[in-house]
Amino acid sequence: MRGFLASSTGVTCAAALALPLAPPAAAATSSTPPATSPTARSEAHAPGGTQSLRLAPLARDRAPGTAEQGLRRQDVRQFSLVGVVWDSPATELHGRVEVRTRATATGTWSGWQELETHNADHAADPGAPESASGRVRGATAPLWVGESDGVEVRVRASDAPGTERSGPAAAPLPTGLRLELVDPGEAAPPPTNRARSEAEPSVLPARTALPARTERPARAARQRAEPHAGARPAITTRRGWGADEKLREKGFVYTKKVKTAFVHHSATGNNYRCSQAPSVIRSIYRYHVNSTGWRDLGYNFLVDKCGNIYEGRAGGVSKPVLGAHTLGFNANSMGIAVLGTYSSKKPSSAALKAIARLTAWKVGLYGMNPRGKTYLKSGGGNLYRKGRKVRLNVISGHRDGFATNCPGKQLYAKLDTARSKAAAYQGR
């Protein structure tokens, strides 16, 4: 990832835990919530939605791809997360994307906040069915701004790095620029049927013993390696953070094993309370599926600054679910996103401990040493050609597989600490 900024709000800890629902219907590309009165919102589940607003030229030149586009200050329905998308994921946005938002509670406008332009560093591997679906779009990183009902945006082009200016104007912007305003809605209420609730429990607590045989990887070699698997940490699953399972595609996609854990930051800003983390994740989920066009949330797991761990992409927390987190290296790996922006801010010790506990357990299921090295075959990217075998740390940063700033300078600098802690949790 490339640029980083913040958003809104303060501090407490969340930890409701749950197992994913059975997979329902496929996702639509965008949705808007029905209009409801404040009274109705408080009495009924509010499912959330996405407003998609086309950007227009801000200067006199109104030709497609003009070098400055945006929206003047305007009233909109309530939202909490914002991003910008465009037609082609193969087209990079070279320039600056900034937004201002109006807080619903106070009516005050924020200063200008910059969005990471996010040029393709998180995505399904080239040629994979998910990337070739025809629904995928280019996108900035999303930014969490808290409950807002007004917005203003400006996108200013600049020359692409390494190119020379051929005229008075900068390189044109991508076509089809749209502002995406995401309302996370409220978590669905728990099921009223007690038997269903017990069959799909809302808590996946920490486990000190080895996993039950039904949760272990099937192969005997993996089972023999389990003495070095750390204890499973407590995990807030998709039911726990309120995933709407109707948004994602049906079914699950798996890779063969988990040899590497790629650590990311979400670049959504640091001004969230930990009690808001489920809302932040529901917003990222909607943005990844409805706005960006992916089959599900891109990350396999997410961690908040209080050290709470959340299940990401559906398919089973102990299974090798194929994600869309590190373009070129999604096979045989998992992606862990720490909620926040860590280019200049240091990650919390609680978040680092959570990364260590999660990796000690998950890579341990596949016999991997968190302090060790392994090889992954590149699926193609801006660092390694397709088919090249690349030697990586078992716990790597996103930038190790793709030329990007992610997971931020400060978080990347702490990965050695996470490796040592994870190995200790494995008893090494």
Side-chain angles (χ1 to χ4, degrees), residues 1 4 6-7 11-18 122 141-142 144 203-206 230-238 240-243 258 260-285 288 297-314 317-318 321 323 325-326 333-343 345-364 370 394-399 406-408 410-422 425:
M1 294 188 184
F4 316 93
S7 33
V11 119
T12 37
C13 281
L17 309 172
H122 296 74
W144 174 261
V203 173
L204 224 174
R232 187 187 69 194
I235 298 173
T236 302
T237 60
R238 292 172 66 91
W241 55 259
V258 177
T260 301
F262 284 102
V263 177
H264 305 256
H265 67 176
S266 65
T268 46
N270 303 307
N271 293 332
Y272 66 92
R273 297 188 300 272
C274 291
S275 60
Q276 293 177 309
S279 293
V280 177
I281 296 169
R282 289 198 303 276
S283 298
I284 296 172
Y285 173 43
H288 282 183
L297 186 63
Y299 307 114
N300 298 102
F301 295 93
L302 303 98
V303 172
D304 68 27
K305 59 191 174 184
C306 290
N308 301 307
I309 301 170
Y310 304 84
E311 179 187 15
R313 181 161 290 206
V317 294
S318 65
V321 178
H325 48 83
T326 305
S333 72
M334 69 174 182
I336 304 168
V338 182
L339 296 179
T341 302
Y342 298 100
S343 51
K345 182 178 178 61
K346 293 182 179 180
S348 68
S349 58
L352 291 173
K353 183 177 179 180
I355 293 170
R357 287 198 177 278
L358 176 59
T359 52
W361 167 67
K362 188 64 183 277
V363 304
V394 169
I395 299 179
S396 287
H398 186 181
R399 63 176 65 181
C406 182
Q410 296 296 332
L411 178 53
Y412 188 77
K414 294 291 186 180
L415 292 186
D416 268 340
T417 300
R419 293 179 190 113
S420 296
K421 286 180 177 292
Y425 289 138

Report summary line: Taking every heavy atom of Ala356 against every heavy atom of Ala422, the minimum-distance pair comes out as O-CB, 3.4 Å

Query raised in the report: Which heavy atom of Pro407 sits nearest a heavy atom of Gly397, and at what distance?
Result: CD-CA, 4.1 Å

Report task. Quick one: closest heavy-atom pair of Trp361 and Ala231, and the distance? Result -> CB-O, 3.5 Å

Report task. Supply the atom-to-atom distance Asn270 CG to Leu339 CG, rounded to the nearest 0.5 angstrom. Result -> 10.0 Å

Query raised in the report: CZ of Arg273 to CG of Asp304: how many Å apart, nearest 0.5 Å?
Result: 13.0 Å

Requested in this report: Check whether any side-chain heavy atom of Val394 sits under 4.5 Å from a side-chain heavy atom of Thr260, and report yes or no.
Outcome: no

Query raised in the report: Is there a donor-acceptor pair under 3.5 Å between the side chain of Asn300 and the backbone N or O of Gly312?
Result: no

Requested in this report: Look at the aromatic rings of Phe262 and His325 and report parallel, tilted or perpendicular, splitting at 30° and 60°.
Outcome: tilted

Query raised in the report: Counting N and O atoms only, with roles assigned by atom type, does the side chain of Arg357 sit under 3.5 Å from a partner on the main chain of Tyr425, one being a donor and the other an acceptor?
Result: no

Report summary line: Tightest non-hydrogen contact, residues Gly307 and Ala354, listed as O-CB, 3.4 Å

Report task. Without swapping roles, check the side chain of His264 against the backbone of His398 for a donor-acceptor pair under 3.5 Å. Result -> no

Query - Under 3.5 Å donor-acceptor, Trp241 side chain and Glu311 backbone - result: yes

Report task. Show the numbers, then the answer: is there a side chain to side chain contact (heavy atoms under 4.5 Å, CB included) between Ile281 and Tyr299? Result -> CA-CA 10 Å; Ile281 296 169; Tyr299 307 114; over 6 Å; no

Query raised in the report: So how far is it from Ile336 CD1 to Tyr310 OH, rounded to the nearest 0.5 Å?
Result: 14.5 Å

Query raised in the report: Can you name the nearest heavy-atom pair linking Ala351 to Val338, along with the distance?
Result: CB-CG1, 4.2 Å

**Report entry** Main-chain N/O of Leu297 paired with Arg313 side-chain donor or acceptor, under 3.5 Å
**Finding:** yes

Query raised in the report: Can you list the steps and then say if Leu302 with Ser266 is a side chain to side chain contact (heavy atoms under 4.5 Å, CB included)?
Result: CA-CA 9 Å; Leu302 303 98; Ser266 65; 5.7 Å; no

Report task. Calculate, to the nearest 0.5 Å, the distance between atoms CD1 and CG belonging to Ile355 and Leu411 respectively. Result -> 5.5 Å

Query - Nearest-0.5 Å distance that lies between atom OG in Ser420 and atom CD1 in Ile395 - result: 9.0 Å

Requested in this report: Would you indicate whether the side-chain heavy atoms of Val263 and Tyr412 approach each other to under 4.5 Å?
Outcome: no

Query raised in the report: How many angstroms lie between CG in Leu358 and CE in Met334, if you round to the nearest 0.5 Å?
Result: 4.5 Å

Query raised in the report: Between Ser333 (side chain) and Ala261 (backbone), is there a donor-acceptor pair under 3.5 Å?
Result: no

Query raised in the report: Can any side-chain N or O of Lys345 pair as donor or acceptor with the backbone N or O of Gly269 at less than 3.5 Å?
Result: no

Query raised in the report: Does some side-chain heavy atom of Tyr342 sit less than 4.5 Å from a side-chain heavy atom of Lys414?
Result: no

Requested in this report: Begin with the C-alpha distance, continue with both residues' side-chain angles, and end with the deciding distance and a verdict on side chain to side chain contact (heavy atoms under 4.5 Å, CB included) for Arg232 and Ser318.
Outcome: CA-CA 9 Å; Arg232 187 187 69 194; Ser318 65; over 6 Å; no

Query raised in the report: Yes or no on side chain to side chain contact (heavy atoms under 4.5 Å, CB included) for Thr359 and Arg419, after CA distance, side-chain angles and deciding distance?
Result: CA-CA 9 Å; Thr359 52; Arg419 293 179 190 113; over 6 Å; no

Query raised in the report: Checking Lys305 against Tyr272: charged group under 6.0 Å from the ring centre and within 45 degrees of the axis?
Result: yes

**Report entry** Distance-minimising heavy-atom pair for Leu415 and Ser396
**Finding:** CD1-C, 3.9 Å

